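This structure is a prediction, so every number in the text was calculated from the model and none was measured. Counting begins at 1 with the first residue of the sequence.
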Amino acid sequence: MTSLEEPLDPAAFTTLEQAFVGYIQSEYIHGPGEASAPFIRNKFSHTLALLFLRSYPEQWTNFFPTIYSLLRPSISGSNLSAGTPPINGHVSLLFLRLLIELSGEVHDSILKGARNWAEDRQARDSIIRQKIRQDESENMNSAVLTIISEAEERLVKHRQEAAATGDSQARARERAGLEEVVESGMKAFAGYCQWIDINLTINQHTVPLIFRLLADPSSPIRQATAHALLKIVQRGLKESSDKLQLIRVLSLGEVLDALERKSREGRKTGNGVQADEDEEHFRESLGKLACGLGKELVDLIAEPALSPEGREMAEQLLMQLFPTAIQFLADEYDDTSSTILPLFTIVFSSYKKAKKADPQFHLTDAKRQVVTSTLEVIVQKMKWDKDIGDDEDDFEDMDEDDKGAFEKMRVDLRNLMDSILNVDEQLVTNAVRALAVASLSAYGAARASGADPAGGLPWQDAELAVYLVYVYGELKPKGKVNAEQQRKKDAKLQGVELSSTPHDELILALVQSGISSYPHVAVRAQFFESVGRYVDFFKDRKECIIPVLEALVDQRGMHQPKKSRRGRVYYIFYRFIKQVQKELPQDILLSILNSIRDLLELEIELPPPDSDANSSAGSSPTPDQDGNAILEEAITASSIFDSQLYLFETTGSLISTMSSLGEDEQFNLLQVFIPPSISCFCP
């Protein structure tokens, strides 16, 4: 069934229809419903969906009535809410999964965008949606809501009985089955709520049900319900006023505020690892819902067809949402924070446009408070997790994926900070400078007293302060940076001394604070990145060169015990010397060379002969093959030797800078430093 647009042969269709219905009756009505083989159950629902797409509506005209009759054989699909016995749980799950598959095939933009576009397939999807919308949407929606309602009612009763008389394995298994039915029901509801009549999905019966399920003890049910609400909010409506009315009816701002506080407090109670993970997943769903709601409100505010009163109402709803959105942004888990980032990016982009239209009065007091509160959260979120211990080994032993995730989050936060910069540059620069100066000054003062090597400053705060110095230099728009650089060049040519810029003062405070001696590798590494990034500063403030060079060449930098860290410092040292070598006093050049002399001995690392990279499974390489593999890996793999090349080049540059020496003397001096680099080849 790969060509879904072509109709089936009538005889083949009849055979398939009878086989599928017969299997449903035998396995899902009279059997276990593939309970022990979920993968078969999923594959069967997908295959049934493909058959439906191939045969509906021309051939399988009674598809939905047939399914309704199997849900509860004693009553019809149009009156599922009446009478007993209860609906069949196995058939219900099959029906709900079938709807999820169908919605994904005919409407989901992500799935449709992932496959090759075909005009025939697009036409088929449109016909199926239209046919279901016209003839089956009411019965289909009624069936889904009845399944959810009955399962929820039985679920509540099960929980009450378990609380009163104790739980049992059989009761827990049945309860899990009911939770799966409710969850699948909300997923099915979320799948079709965007393309059937909105009066069927949002009414006096569905809204109370949805909000009850948002407070259900089961996290998967709450997540599915939040996703369904997101789909409802995002559905397209012809009139912008109708979308605004929908948002007002749902009162999602108030609901999200209450759920955010409840889920945050629930996570603090500490009901176990699984409970904490479930709560966090739910908060991610709430964050996505808040983001979706906020983006819809931003679009409404920018909609020309919306009345001034409607625009004012949309702005009020958006302002009411911001405190909740900021709480999600400030969440200790980055996955939750990431869900709300797109909203703030879009909001600050709209503020930027308003600034161009009205530079003086584009920010109201309320909007300025939003910008300020968001910036405060951004800066704090840029800090390493406080749960990482003070021991350097704890940081070094962190999972690389965790480090990568944090660095990515920092980049996203930097981008958001840039968005605020375009709205209020002074607010951002003042906040960043104030925090950095406060931390550096506190460390410098405490260090001067000699009481504590860390100056009483947690390493996370110290690293953040140094990182903000690094960030500050990139905060100004590119045009202003280029203009400032040109101004410095012109002043130098004219012999005019310029006053220090705020960033110059920050770098000066960074060096003078002595934070390069902070007893944590993350702080020192960030210090070296900062001074290596802004070397031009040291051409004007020559008195700061020596302290930086001392940090680079001693145990804080190139002589630190961790080989993996030394390689990066080799490069920064090379870059620093290259930029300031004309400013270096002649009397310290030889001291610099002597301080790195022991580092010039080649550090060549060969992989062991029995490593996995040098042998294939099930075979023993010959000596020649083994040797070639070792050499190949040694050449292609990154190693400390690659970084040592920067030291060799720096050594040559320093010797060539010694103007007091003649060529012969420079050559003799070079020979003094050559032996360490080739000693490994000598007997």
So, using salt bridge (Lys or Arg N to Asp or Glu O under 4.0 Å) as the criterion, who are the partners of Glu543 when residues are at least two apart?
Arg541

Smallest separation among heavy atoms of Ser263 and Leu286, with atom names
OG-CD1, 4.1 Å

Between CG of Asn415 and CG of Leu341, what distance do you get to the nearest 0.5 Å?
9.5 Å

Option passing side-chain contact (heavy atoms from CB on, under 4.5 Å) with Leu589 (candidates Ile655, Thr657, Ile577):
Thr657

For the backbone of Leu421 and the side chain of Lys352, can you confirm whether one donor and one acceptor N or O come within less than 3.5 Å of each other?
no

Judged by atom type as modelled, is there a donor-acceptor pair below 3.5 Å linking the side chain of Gln555 to the main-chain atoms of Pro561?
no

Is there a donor-acceptor contact under 3.5 Å from the side chain of Ser349 to the main chain of Thr345?
no

Parallel, tilted or perpendicular for Phe576 and Phe538, by the 30°/60° rule?
perpendicular

N/O donor-acceptor pair under 3.5 Å between Ser285 side chain and His281 backbone
yes

Would you call Asp424-Lys355 a salt bridge at under 4.0 Å N-O?
no

Counting N and O atoms only, with roles assigned by atom type, does the side chain of Glu529 sit under 3.5 Å from a partner on the main chain of Tyr467, one being a donor and the other an acceptor?
no

What is the minimum heavy-atom distance between Gln426 and Thr429, and which atoms define it?
O-OG1, 3.1 Å

Is the charged tip of Lys288 near the ring of Phe328: under 6.0 Å from the six-membered ring centre and within 45° of its axis?
no

What pairs of donor and acceptor atoms, side-chain ones from residues 431-439 against any protein atom, are under 3.5 angstrom apart with sequence neighbours left out?
residue : atom : partner : partner atom : Å
Arg433  : NH1  : Tyr472  : OH           : 2.8
Arg433  : NH2  : Asn430  : OD1          : 2.9
Ser439  : OG   : Leu435  : O            : 3.3

Quick one: closest heavy-atom pair of Leu508 and Cys544, and the distance?
CD1-SG, 3.6 Å

Do Phe528 and Val548 have side chains that approach each other closer than 4.5 Å (heavy atoms only, starting at C-beta)?
no

For Glu474 and Tyr534: C-alpha separation, side-chain torsions, deciding distance, then whether side chain to side chain contact (heavy atoms under 4.5 Å, CB included) applies.
CA-CA 10 Å; Glu474 300 179 347; Tyr534 302 108; 3.5 Å; yes

With Pro323, which residues qualify under side-chain contact (heavy atoms from CB on, under 4.5 Å), at least two apart?
none

Quick one: closest heavy-atom pair of Lys383 and Phe406, and the distance?
O-CE1, 3.4 Å

Min side-chain heavy-atom separation Met417-Val379 under 4.5 Å:
yes

Using 0.5 Å steps for rounding, measure from the CZ atom of Phe537 to the CD1 atom of Ile545.
9.5 Å

Looking at Lys542, I want to see if its NZ is surrounded by more than 12 non-hydrogen atoms of other residues, nucleotides or ligands under 6.0 Å.
yes

Can you confirm whether Asp540 sits close enough to Asp504 that some side-chain heavy atom of one is under 4.5 Å from a side-chain heavy atom of the other?
no

Give the minimum heavy-atom separation between Val523 and Glu463, together with the two atoms involved.
CG2-N, 3.8 Å

I'd like to check Val471 versus Arg414 (side-chain heavy atoms, cut-off strictly below 4.5 Å). Are they in contact?
yes

Apply side chain to side chain contact (heavy atoms under 4.5 Å, CB included) to the pair Tyr470 and Phe527, showing each step before the final yes or no.
CA-CA 9 Å; Tyr470 183 95; Phe527 172 84; over 6 Å; no

Side chain Arg566, main chain His559, donor-acceptor under 3.5 Å
no

So CD1 of Ile388 and CG of Asp394: to nearest 0.5 Å the spacing works out to 8.5 Å

Working for side chain to side chain contact (heavy atoms under 4.5 Å, CB included), residues Asp334 and Lys381:
CA-CA 9 Å; Asp334 291 344; Lys381 284 289 294 183; 2.8 Å; yes

If you measure from CG on Leu329 to OG on Ser338, what distance do you get to the nearest 0.5 Å?
9.0 Å

Does any non-hydrogen side-chain atom of Val553 lie less than 4.5 Å from one of Leu599?
no

If we only count heavy atoms from C-beta on, is the Lys539 to Lys582 side-chain gap below 4.5 Å?
no

In this structure, CD of Gln460 is separated from NZ of Lys386 (nearest 0.5 Å) by 10.0 Å

Rounding to 0.5 Å, atoms CZ (Phe348) and NZ (Lys367) come to a distance of 11.5 Å

If you look at every heavy atom in Met409 and Ser337, which pair is closest and at what distance?
CE-CB, 3.5 Å

Applying side-chain contact (heavy atoms from CB on, under 4.5 Å), can you list everything that pairs with Leu590, at least two apart in sequence or on another chain?
Asn594, Met658, Leu669

I'd like to check the salt bridge (Lys or Arg N to Asp or Glu O under 4.0 Å) partners of Arg565; sequence neighbours left out, ordered by chain and number.
Glu396

Take Ser373 and Gln369, measure what side chain to side chain donor-acceptor pair (under 3.5 Å) needs, and give me the verdict at the end.
CA-CA 6 Å; Ser373 299; Gln369 181 58 47; 2.9 Å; yes

Hey, are the side chains of Arg283 and Tyr333 touching, using non-hydrogen atoms and a 4.5 Å cut-off?
no

Any side-chain heavy atom of Ile592 within less than 4.5 Å of one from Phe573?
yes

Ion pair Arg261/Glu265, N-O distance below 4.0 Å:
no

Show, in sequence, the C-alpha distance, side-chain angles and deciding distance for Leu584 and Leu549, and conclude whether the side chain to side chain contact (heavy atoms under 4.5 Å, CB included) test is met.
CA-CA 10 Å; Leu584 294 174; Leu549 283 176; 3.7 Å; yes

Pairs where residues 515-525 contributes a residue and the test side-chain hydrogen bond (donor to acceptor under 3.5 Å, both in side chains) is met, not counting sequence neighbours:
Glu392-Arg524, Ser516-Arg556, Ser517-Arg556

